[in-house]
Protein chains: 2
Amino acid sequence: MTDAILILRQCGIQPTPQRIAVVECVLNGNGHPTADDVLISARKTCPTVSRATVYNTLNLLVEKGLIGMQTIREGAVVFDPNVEKHHHFIDDDTGDIYDIPWDQLDVKGKDKLKDFEILEFQVIMRGRRKKR
Amino acid sequence: MTDAILILRQCGIQPTPQRIAVVECVLNGNGHPTADDVLISARKTCPTVSRATVYNTLNLLVEKGLIGMQTIREGAVVFDPNVEKHHHFIDDDTGDIYDIPWDQLDVKGKDKLKDFEILEFQVIMRGRRKKR
DNA sequence: GTATCGATTTAGACAATGTCAAGATCGGAG
DNA sequence: CTCCGATCTTGACATTGTCTAAATCGATAC
Ligand SMILES: [Mn+2]
Ligand SMILES: [Mn+2]
Ligand SMILES: [Zn+2]
Ligand SMILES: [Zn+2]
C-alpha cells in the first residue's frame with residue numbers, strides 16, 4: 001500500500017483525486033497494465049476520470065521516472081511499476097508479463113558490438129509459465 | 001534480388017501481382033518495415049494494391065514462416081525478412097532497427113528460471129549507432 | 001461570501017494501426 | 001463465352017494515442 005499523495009508531492013506533481021487514482025492503480029495493481037487497464041481500474045475509485053487525464057498522468061509519471069514504459073506487447077504500450085533494471089517473460093497463452101530480476105541473467109558479448117553504443121538492454125523471453 | 005514468384009509457390013501461395021509486390025518490398029527492401037512502409041513501397045510497382053491485401057499478405061507470409069514479426073517499436077509492429085534467430089538493436093535517434101547475429105551474444109542463467117518454459121528469447125538493445 | 005486567476009480535467013475531434021465483410025474483379029476450366 | 005472459386009478493393013469499424021477548447025476546481029484577494 002503506497003502513499004500516492006506523498007509520492008506525487010515528492011515529484012512536484014500536484015496530487016489530485018484523478019492522479020492519485022492513476023498512481024494507485026499502477027503502483028498497487030499487479031503486473032504491467034495498459035493505459036486502458038489503468039483507465040478502467042481508476043474509474044472504480046474515481047468514476048469520472050477521463051482518458052486524456054489517464055494518459056497525461058501516465059506520461060507525467062514516466063517523465064518523472066516513477067514508472068517505466070515497455071514496448072513488448074502488440075497493440076498497446078504497457079506501464080511498469082518496477083523501475084529497476086529487469087528482464088521480461090511473456091506468457092504466450094495468457095499474455096501476462098512477468099519480471100525477471102536483473103541478476104538472474106547475464107548477457108555476454110555486448111562489448112564486442114563495436115558499431116553500437118548500448119544505453120540499455122533487456123532480455124525478452126516468450127513461452128509458458130509452468131503451473132506449480 | 002529474390003525470385004518472389006518462386007518463393008510464393010514453394011509455400012503454396014498463389015503468386016499475384018499484389019503478393020509479389022509485397023514479398024519483394026519486404027525481402028529486398030532494407031530493414032524492418034511496418035505494414036504502412038510496405039503499402040507505400042508496394043504501390044510503386046503495383047499502384048492499386050490495397051491496405052487489406054498488404055495486411056493479408058504479410059500475415060500469410062508470417063504464418064508460412066517466410067518472414068518474422070517483431071513487437072519492438074511503439075505504434076506499429078514491424079516485419080522482418082530475417083527469419084533466423086537473432087537479436088535487435090534499436091537506434092533511439094533514428095528509430096532504425098539493426099539485426100545482431102545470434103552467436104554474438106550469449107544469455108547465461110536461463111536454465112535457473114524454473115517457473116518458466118522458454119520457447120524463444122532475444123536481447124533487445126537501445127542506444128545510438130556509432131558513426132564511422 | 002464573492003470575484004478572480006491559473007491549474008486541472010473533460011469531452012470530443014482527430015490521426016494512425018489493424019481487422020473485417022460485402023461486393024467487384026480476375027483467371028482458368030468446361 | 002460462361003461459370004466459379006480465389007483474390008482484391010472499398011469502406012466501415014474498433015482500438016490506441018494525442019490534442020484542443022471549454023468546463024471545473026481551488027486557492028487567494030477583496
Ligand atoms: Mn491488459
Ligand atoms: Mn517506418
Ligand atoms: Zn517489468
Ligand atoms: Zn530482425
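Letters A, B, ... mirror the listed sequences (proteins, then strands); counts begin at 1. Values below: all heavy atoms of this structure, side chains included; hydrogens, waters and symmetry mates excluded. None of these values were measured; they are calculated from a predicted model.
For Thr16(A) and dT9(C), the shortest distance from a side-chain N or O to OP1 or OP2 is below 4.0 Å. Using a 4.0 Å cut-off, no side-chain N or O of Asn56(B) falls inside it from OP1 or OP2 of dC20(C). Taking 4.0 angstrom as the limit, Tyr55(A) places none of its side-chain polar atoms (N or O) nearer than this to OP1 or OP2 of dT18(D). Residue Ser50(B) places no side-chain N or O under 4.0 Å from the OP1 or OP2 atom of dC8(D).
In terms of position along DNA chain D, the nucleotide closest to Thr57(B) lies nearer the 5' end than the nucleotide closest to the other residue of the pair Val78(A) and Thr57(B).
In this structure, Leu60(B) places its CG atom 14 Å from C1' of dC8(D), rounding to the nearest Å. Protein atom CD of Gln14(A) is 15 Å distant from nucleotide atom C1' of dT24(D), rounded to whole Å. Following rounding to the nearest Å, Gln18(A) (CD) and dA11(C) (C1') show an atom-to-atom distance of 14 Å. Rounded to a whole Å, the CZ atom of Arg19(B) is 6 Å from the C1' atom of dT7(D). Rounded to whole angstrom, the span from the CG atom of Leu58(B) across to the C1' atom of dC20(C) amounts to 17 Å. We find that CZ of Arg9(B) is positioned 17 Å from P of dA6(D), with the value rounded to whole Å. The interatomic distance linking Arg51(A) (CZ) with dG17(D) (P) rounds to 9 Å, in whole Å. One atom, CG of Asn59(A), and another, P of dT16(D), lie 15 Å apart when rounded to the nearest Å.
Of the candidates dT9(C), dT16(D), dG18(C), dT9(C) carries the atom nearest the Thr53(A) side chain, counting heavy atoms from C-beta on. Side chain of Asp36(B), nearest nucleotide from dT8(C), dG17(D), dT17(C): dT17(C).
Residues Phe116(B) and Ile100(A) have side chains in contact (heavy-atom distance under 4.5 Å, counting atoms from C-beta outward). Taking 4.5 Å as the limit, every side-chain heavy atom of Ile5(B) sits out of range of all side-chain heavy atoms of Leu8(B).
When heavy atoms are screened at a 4.0 angstrom cut-off, Ala52(B) is found touching base atoms of the nucleic acid.
No donor-acceptor contact under 3.5 angstrom links the side chains of Asn56(A) and Thr53(A), judged on distance only. Side-chain atoms of Asp99(B) and His32(B) form a donor-acceptor pair, as typed in the model, at a separation below 3.5 Å.
Using a 30° and 60° split on the angle between ring planes, Trp102(A) and Phe121(A) fall in the tilted class, from 30° to 60°.
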